[in-house]
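To start, the structure under review is shown below, and the notes come after it.
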2 protein chains.
Amino acid sequence: MSDKATIYDIAKKLNISAATVSRALNDHPKTSNKTKILVQETALELGYEQNKLALALKSGRSNTIGVIVPRIDINFFGSIIRGIEDELYPRGYHIIICQTHDNEQKEIQNINALLNAQVDGIITSITKNTKDVSIFERILDKNTPLIFVDRKLNLKGASSVTLDDFKGAYQATQHLINQGCNRITHLTVIGYQSVGIYKDRLEGYTQALKDNDIPFDADLILDIENDINGGKKAGQKILNFKDRPDGIFSSSDFMILGAIKEIKANGLKIPEDIAVIGFSNEPFTKFMENPISSVDQCALEMGKLAAKVFLDQIIDPKLLKVEKNVILAPKLKIRQSSSKKTPAN
Amino acid sequence: MSDKATIYDIAKKLNISAATVSRALNDHPKTSNKTKILVQETALELGYEQNKLALALKSGRSNTIGVIVPRIDINFFGSIIRGIEDELYPRGYHIIICQTHDNEQKEIQNINALLNAQVDGIITSITKNTKDVSIFERILDKNTPLIFVDRKLNLKGASSVTLDDFKGAYQATQHLINQGCNRITHLTVIGYQSVGIYKDRLEGYTQALKDNDIPFDADLILDIENDINGGKKAGQKILNFKDRPDGIFSSSDFMILGAIKEIKANGLKIPEDIAVIGFSNEPFTKFMENPISSVDQCALEMGKLAAKVFLDQIIDPKLLKVEKNVILAPKLKIRQSSSKKTPAN
DNA sequence: CTGTTAGCGCCTTCAC
DNA sequence: GTGAAGGCGCTAACAG
């Protein structure tokens, strides 16, 4: 009883052919209601369940999609995956998860493994140092839909769902300017050769300054490690500027957290002395005693959209090679750390 | 070129049989080195890759494991999954992710879907209101290894990896007592009928009081919603006690965060007036300006151990039905919110 | 409306 | 050492 019943078991019991059973089970039009009912009853009785593996082998479609992210225990990627799952599960798709740990070799291995597993599509955020495009071309060569989320590569035939990082940075900077800041530093992340998002954020910042006739000062751009310690070091530098900045736009919430700690430790007030805003809207930013303003990346939405793009491509073969690039508008979360006038949540 | 090469393509090109190709590819002993090399070369040339689906159908093993959690975008579950992935990926396993959103119906659907997909095992954390055991029995009936993580069901044949919640609670409470607290409230979560962890935490708390000759007071147990608002309400109640408590042990970090906000808003100091400690060691607890003490649940470790239990069972068929219950010791993270004497991180 | 045949891609006896 | 045959479970084409 422990082992699975097949359509042959049902067929044998009913003295009909397996093909008929298959048709009855799939509600094929050219099957008598009588046999349909009969088959369904015995199926139930025998505890029959369709073996998706056999179906997949037969049809060439596994109803499985591969998702590759740098790390799954980062809230941002977890939310993206949740979005994908929420959208794809009701459509009968399974999601296979892989992590790269930002290692390009693992990325290649993951992709190969997923292709071997005959996934129907791949949704991924590239590693911070992905250089080799050929592995992604292999995906497309196999006519497997490829959709980038957040961190993308420009590749003909590959779709993408990304955030308008430029806009997010622009708005964040403009917001600081509106609060009265006119000497704003920008914290950016070092070591992301292949990821364009930090470049875009820097450009959004630069453009906002320009549009407000604030001179750009290269010294105000601080290249640091994307963690609290990096932020602390940046905080020190900021405090040591002869002409102290009155605002910080950071490309990461962790960096701004470090900077905040350092600044407060030196007796300065946030936002009164220095107004700050981060990027990513990590959960902790709103939990702080003094909540931190941040740019929300709409991770859940990104995941859902990536899944929808995949579905579009898979449903209509004509769209398979038609790339679709969706760009989401970020949402500014204004909180206390940047509200010189009215405190908010 | 876009479509996959099979062993038949290699066979045809070399004028040998597919069986020989298969053997050569699998490094079968009874194959000449010459053909092995020849086959491998043409395999490379043709871009051949083994179709895992066919292999799975043939062998009955999919090299895939199903992981079901309430929600994947919760840090705790994300870390568990990461642990599983880290451990299983090098062994050639894929991980299929499902979410229940704490809905028992979805849980049943997920399990059925995974069984249809012929997964080699299932690792799961049950929903907060799972009642029906039969679906889990079905898993075992199919000789599929079943391992619970964190939230478990007592089921003969099913293994589990859990935290010693009793111990964590006991230690947290003892720690507060050591800090000089002698009137300690406990915040517990309502609405978790089937999850034993909150009961265990309550018991750990109770035992610690008893061992320190502190009388148990049922009024000090507050049943609340597991979120910040629930915590705020609890905070109000605590402030209104005629004999105000001097310590709080909370079964959740979110609840304690709400309580802290409420208490501070009323001008009381933490930990001086009320020392507090939470549970889960959510990332935000250590990022706060005044970091919150908490009980770490070793999520990564739990995931890794669950994966190891699975491997043990799958490797040795004799162990398949031998349940293994691993209980991890929690780690107290003492921080400012409960350090009346020495501040710490 | 139903049965027969064939094949998805692979591996594993069984012969030779 | 290698080839031929069969089957994992399912469905689609072709007959009837």
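Just so it is clear, the model here is predicted, and its values are computed rather than measured. Chain A is the first sequence line, chain B the second, and so forth, proteins listed ahead of strands; every chain is numbered from 1.
The overall bend of the helix from C:dC1-D:dG16 to C:dC16-D:dG1, read as the angle between its terminal helix axes built from five base pairs each, is 50° when rounded to 10 degrees.
Spacing between atom OH of A:Y48 and atom C1' of D:dC10 amounts to 7 Å, rounded to whole angstrom units. Whole-Å rounding puts the A:D27 CG to D:dA12 P distance at 14 Å.
Look at A:T35 and you'll find a side-chain N or O under 4.0 angstrom from OP1 or OP2 of C:dT2. In terms of phosphate contacts, A:N51 brings no side-chain nitrogen or oxygen within less than 4.0 Å of OP1 or OP2 of D:dC8. Residue B:S22 has a polar side-chain atom (N or O) positioned under 4.0 Å from OP1 or OP2 of C:dC11.
Distance check: B:I80 CD1 to B:I123 CD1 gives 9.5 Å after rounding to the nearest 0.5 Å. Between the CG atom in A:N110 and the CD1 atom in A:I135 there is a gap of 10.0 Å [rounded to 0.5 Å]. Here the CD-OG1 distance, from B:Q99 to B:T127, works out to 13.5 Å after rounding to the nearest 0.5 Å. For the atom pair CD1 of B:I84 and CZ of B:F310, the computed distance is 10.5 Å after rounding to the nearest 0.5 Å.
When all heavy atoms of B:G157 and B:E323 are compared, the closest pair comes out as N-OE1, 2.6 Å.
Ranked by how close their nearest DNA chain C nucleotide is to the 5' end, B:Q50 and A:T20 are led by A:T20. Comparing B:R23 and B:S59 against DNA chain D, the residue whose closest nucleotide sits nearer the 5' end is B:R23.
DNA chain C is contacted by B:I7, B:Y8, B:A19 of residues 7-19 of chain B, taking any non-hydrogen atom closer than 4.0 Å.
Counting atom types as modelled, B:K58 pairs a side-chain N or O with a base atom of C:dC11 as donor and acceptor under 3.5 Å.
Side-chain atoms of B:P70 and B:K128, non-hydrogen and from C-beta on, never get closer than 4.5 Å to each other.
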- Query: Going through the distances and angles, do B:E49 and A:K142 end up as a salt bridge (Lys or Arg N to Asp or Glu O under 4.0 Å)?
  - Reply: CA-CA 12 Å; B:E49 282 159 59; A:K142 294 204 152 204; 3.8 Å; yes
- Message: Between B:R151 and B:D102, does the salt bridge (Lys or Arg N to Asp or Glu O under 4.0 Å) criterion hold? Intermediate values first, please.
- Response: CA-CA 12 Å; B:R151 300 184 187 175; B:D102 265 323; 3.0 Å; yes
